[in-house]
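This one's a predicted model, so the numbers in the text were calculated from it and none came from an experiment. Values below: all heavy atoms of this structure, side chains included; hydrogens, waters and symmetry mates excluded.
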Amino acid sequence: MKVVIVGGVAGGATAAARIRRLDEQAEIVVFERSGYISYANCGLPYYIGNVISDPEALTLQTPESFFARFNIHMKVHHEVTAIHPDRKTVSVKNLETGDIFEESYDKLLLSPGARPARPRVLGTELDQVFTLRTVEDTFQIKAYIDRHHPKSAVLAGGGFIGLELAENLRSLGMEVTIVQRPRQLMNPFDPDMAAFIHGEMRGHGVRLVLGHTVEGFAEKDGGVEVLLKDAPNLCADLVVLAIGVTPDTALAKEAGLVTGIKDSIVVNDRMETSIPDIYAVGDAVQVKHIVTGQDALISLAGPANRQGRIAADNICGGDSRYPGSQGSSVIKVFNMTAAVTGLNETNAKKAGLDVDKVILSPMSHAGYYPGGKLMTMKVVFEKETYRLLGAQIVGYEGVDKRIDVLATAIRTGMKATSLEELDLAYAPPYSSAKDPVNMAGFLIDNIEKGILRQWFLEDLDRLFRDKNAVLLDVRTTGEYSRRHIDGFQNIPVDELRERLDEVKRGKPVYVICQSGLRSYIACRILTGYGYETYNFAGGFRFYDTVICDRRLIESATACGMDQTTSGFAD
């Protein structure tokens, strides 16, 4: 059996190695357009920022090492220019010599990945305007920085690459501005959770220009003028386009393969395309979202690796299946960690699901053990069924392990109420006897049993208009005096039983505290005395962070620049 693989990196290189492990006699040829067959995409920004100092550390395998271990021919600087399914060959161009030849195959695996999206505007060809996707891109940016020592950079796009690059350029001493057409960074997160990411970015001196569109670039005084729609232009010494990626599927389309979202390659759960003996994996393929069952594009290294393995199994006569992706991801944002899995609230509603949520602020480990830090968790679930849909966490320690637990719970179809039953490891330096994941389950279980009723930030305007609503802040007098929401009366929770006569009877009471715990206790006290109560999800810390962020974005919209102050509540 002869297998030709188009493209290396996560999907193609993984498949090649797996095929060899399953079939020692197979002839395997990999054609890679770039000079690198297996490299760490996610590490590229950290090389630019000198966190990774050795460029060879980025290349996980070389053609020579791959051949020595797996007896696989890795042909770099070779571009497949056409697929001929009728005669089971591909046309290949040697980019070093210009020679063109045909290569036959019994099985063909496409792993072309995705290419950086480039806005259709003037000036993207300027020498100071870069994209960051490949090792070659990284070396070009690094060489430009080492040669020209730019003092400022504008990053167009606020996704994973944009944020990681912003941090690394700041570490080099540059002034960094991120321009993003949506009014938030990191679209996998809901806007309220993204507010915490915004605060961390601003707190480290990154300017955010959110809700603005780049209309072009022009050379000015040796640098770049970034032209914005309905806002003052920006000037920088360096520009990096990080507005997302597009499936690189021109080859597949020309060969007649069925394509889907954004011209991605349609595959079944065996990673087979619409043409027999042709498989496809990675960022170029359309997959099913594990939560909704709907078609989706999810460009992440983990799914690409698993797809490569599954395709390899099937090429070698097995029957492996890819059930779908759920978008589990994590990112370092300066000192913060932000992670997400499954559906956020926004996308769950777009998918037509009737959703509910809990927002909590647990400590990363036991409060009595030094060094614990708050994290903010948002867990989204389906009303009525309590099916777990997704989760988002921002914090400083222990974020990654909690998101992995929640990702596993989603994958196994666990109900959100069952999170309380998980038997998770505990020791004071690492967790609490009630782990944050368990705590989310306790909240959701209380909702199911009718013990807890919530109100949310989006309800606030309605409550201000409702003359029957009683608004109660149960924090201490000192906390209340520092910052509070106008219209809320203050009765500290520990004084509540003695001051019940100050809470109007016969009207619903909407309660808030700093994190949501004391207000829950207050709700239970009031319920015990016959009051109808609702607890604010997330607490005043959550409210203050989101509202401060919204105000900064609103004020920035008028002038085209965002402040760099944090906006965090204490």
Subject >> Glu136 side chain to Gly35 backbone, donor-acceptor under 3.5 Å >> reply: yes

Original post:
Taking the side chain from Gln184 and the backbone from Phe189, do they hold a donor-acceptor pair closer than 3.5 Å?
Top reply: yes

**OP:** For the residue pair Glu200 and Tyr396, confirm or rule out a side-chain donor-acceptor distance under 3.5 Å.
**Re:** yes

**OP:** For this output row, return yes or no: ring centroids of Tyr430 and His365 closer than 6.0 angstrom.
**Re:** no

**OP:** Look at Asp269 together with Lys288 and state whether they make a salt bridge at an N to O cut-off of under 4.0 Å.
**Re:** no

Original post:
Among Thr249, Thr259, Asp295, which one satisfies side chain to side chain donor-acceptor pair (under 3.5 Å) with Gln286?
Top reply: Asp295

**OP:** Drop me the distance from Asp313's CG to Arg309's CZ, to the nearest 0.5 angstrom.
**Re:** 6.0 Å

**OP:** Check the side chains of Lys142 and Asn50 for a donor-acceptor pair under 3.5 angstrom, ignoring hydrogens and angles.
**Re:** yes

**OP:** State yes or no: are the ring centers of Tyr47 and Phe139 separated by less than 6.0 Å?
**Re:** yes

Subject >> Donor-acceptor under 3.5 Å (Asp237 side chain, Ser152 main chain) >> reply: yes

Original post:
Would you say the side chain of Ser111 lies within less than 4.5 Å of the side chain of Val281, judging by non-hydrogen atoms?
Top reply: yes

**OP:** Answer yes or no: is there a side-chain heavy-atom contact under 4.5 Å between Met377 and Gln392?
**Re:** no

Original post:
Is a side-chain donor-acceptor pair under 3.5 Å present for Arg18 with Ser320?
Top reply: no

Subject >> Shortest non-hydrogen separation from Pro436 to Leu360 and the atoms involved >> reply: O-CD1, 3.9 Å

Original post:
Quick one: do the Thr376 and Arg541 side chains pair a donor with an acceptor below 3.5 Å?
Top reply: yes

**OP:** Measure the shortest side-chain to side-chain distance between Tyr144 and His149 over non-hydrogen atoms and say whether it is less than 4.5 angstrom.
**Re:** no

Subject >> Any side-chain donor near an acceptor of the partner, Ser328 and Thr341, under 3.5 Å >> reply: yes

Original post:
Under 3.5 Å, is there a donor-acceptor pair between the Thr14 and Asn305 side chains?
Top reply: yes

